[in-house]
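Take a look at the structure below.
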Amino acid sequence: MRLRALPIDQRRGWCAMWCVIATEFMLFVCMFGAYYYLGNNKDRWAIDKPPGLKYPLMLMVILLASSFVLRWGEHQVKGERFRAARSALWLTVLIGLVFIAVQSLEYISHWKSLTPYSDSYGSIFYSITGLHAAHVVAGLLMLAYVGILPGYGETAESPHRAYETAALYWHFIDFVWIFIVALLYVIPNLQGYTHGR
């Protein structure tokens, strides 16, 4: 199957989203670097026990499920089954809202022993997870905007390929969460370290 090249005007949104993702990716790389740097100063990294895995793994399943639903919706757009694509998009938004609600529950459970001002671990933990939550909200707003568009097919007018562009950002958000879970939750549990305050 030979792909036809789209005029630059019709690729503009998609290319711009890749530029946004590249800059946001570097932002998260810097946050992960700060996490690593702060973690090497154990005097300020006073974590009594590694964070539990229940919430982050649940959140990862929720986000991955939303990505699968949205990816299915992208296939529906390509097959010109726009009603099914719209349903998939709004289901993704609903799943994203569930993610935010469950992350709020995680914050409530952590707040008893870990706050942003308790130590450097708490500060970077809430900075990284809060930054990701802000990206989830931005992704939900993008998806909601696409959800109210009248159509998703080929068009000569802007926005071009809005469904695919918003989906690209959403998949990026899901991809970043996998790294957050690995770095902030899984690795500390595998290391099994405990440091007294």
Side-chain angles (χ1 to χ4, degrees), residues 1-25 27-28 53-107 128-182 184-186:
M1 178 176 160
R2 185 171 173 263
L3 297 174
R4 63 182 175 87
L6 293 172
I8 187 66
D9 195 47
Q10 292 185 7
R11 288 190 319 237
R12 184 175 37 203
W14 187 77
C15 291
M17 185 55 71
W18 272 110
C19 291
V20 167
I21 287 171
T23 59
E24 297 299 306
F25 178 76
L27 176 63
F28 278 103
L53 293 174
K54 179 179 92 172
Y55 282 115
L57 294 178
M58 186 185 322
L59 291 167
M60 187 161 60
V61 168
I62 290 168
L63 273 186
L64 291 176
S66 74
S67 247
F68 284 119
V69 169
L70 191 58
R71 186 71 184 136
W72 179 81
E74 289 177 81
H75 288 293
Q76 301 311 304
V77 169
K78 289 177 184 170
E80 297 186 357
R81 294 178 291 276
F82 302 122
R83 174 179 255 159
R86 189 176 305 275
S87 297
L89 188 135
W90 284 110
L91 181 57
T92 302
V93 170
L94 180 63
I95 295 170
L97 292 172
V98 169
F99 175 88
I100 295 293
V102 173
Q103 190 168 30
S104 299
L105 292 175
E106 179 193 26
Y107 279 5
I128 292 174
T129 58
L131 180 66
H132 182 265
H135 282 76
V136 170
V137 170
L140 290 173
L141 292 173
M142 282 185 216
L143 292 173
Y145 169 74
V146 172
I148 62 172
L149 290 175
Y152 301 133
E154 293 282 331
T155 177
E157 297 177 16
S158 182
H160 305 288
R161 302 166 71 181
Y163 200 106
E164 181 182 346
T165 303
L168 185 63
Y169 185 78
W170 190 256
H171 296 314
F172 164 70
I173 292 168
D174 296 352
F175 177 74
V176 168
W177 185 253
I178 293 169
F179 282 97
I180 291 173
V181 169
L184 271 65
Y185 299 94
V186 174

Over all heavy atoms of both residues, which pair between [X] and [Y] is shortest? Give the atoms and the distance, please.
| X | Y | result |
| --- | --- | --- |
| H171 | S67 | ND1-OG, 2.8 Å |
| A88 | Y163 | CB-OH, 3.9 Å |
| V77 | A85 | CG2-CB, 3.4 Å |
| M17 | L168 | CG-CD2, 4.0 Å |
| L140 | G96 | CD2-CA, 3.8 Å |

> Is the backbone N or O of A162 less than 3.5 Å from a side-chain atom of Y145, with the two atoms forming a donor-acceptor pair by type?
Replying inline: no
> Within the distance-only criterion (no hydrogens, no angle test), does the side chain of Y169 pair as donor or acceptor with the backbone N or O of V20 below 3.5 angstrom?
Replying inline: no
>> Is the ring pair W177/Y185 parallel, tilted or perpendicular, if the boundaries are 30 and 60 degrees?
In response: tilted
> More than 12 heavy atoms of other residues, nucleotides or ligands under 6.0 Å from CZ of F179: is that the case?
Replying inline: no
Flag the pair [X] / [Y] as yes when at least one side-chain heavy-atom distance between them is below 4.5 Å, and no otherwise.
| X | Y | answer |
| --- | --- | --- |
| L63 | H132 | yes |
| F28 | H135 | yes |
| T129 | Q103 | yes |
| I178 | L64 | yes |

Say you draw a straight line from [atom1] of [X] to [atom2] of [Y]; how long is it, rounded to the nearest 0.5 Å?
| X | Y | atom1 | atom2 | value |
| --- | --- | --- | --- | --- |
| I95 | L143 | CD1 | CG | 11.0 Å |
| F99 | D174 | CZ | CG | 8.5 Å |
| R81 | H75 | CZ | NE2 | 10.0 Å |
| L70 | F68 | CG | CZ | 12.0 Å |
| E106 | K54 | CD | NZ | 10.0 Å |
| M142 | L89 | CE | CG | 12.5 Å |

> Residues in side chain to side chain donor-acceptor pair (under 3.5 Å) with S66, at least two apart?
Replying inline: W170
> Sequence neighbours excluded, which residues qualify as salt bridge (Lys or Arg N to Asp or Glu O under 4.0 Å) partners of E74?
Replying inline: R71
>> Once side chain to side chain contact (heavy atoms under 4.5 Å, CB included) is applied, do any residues pair with L57, and if so which ones, sequence neighbours excluded?
In response: L53, M60, V181
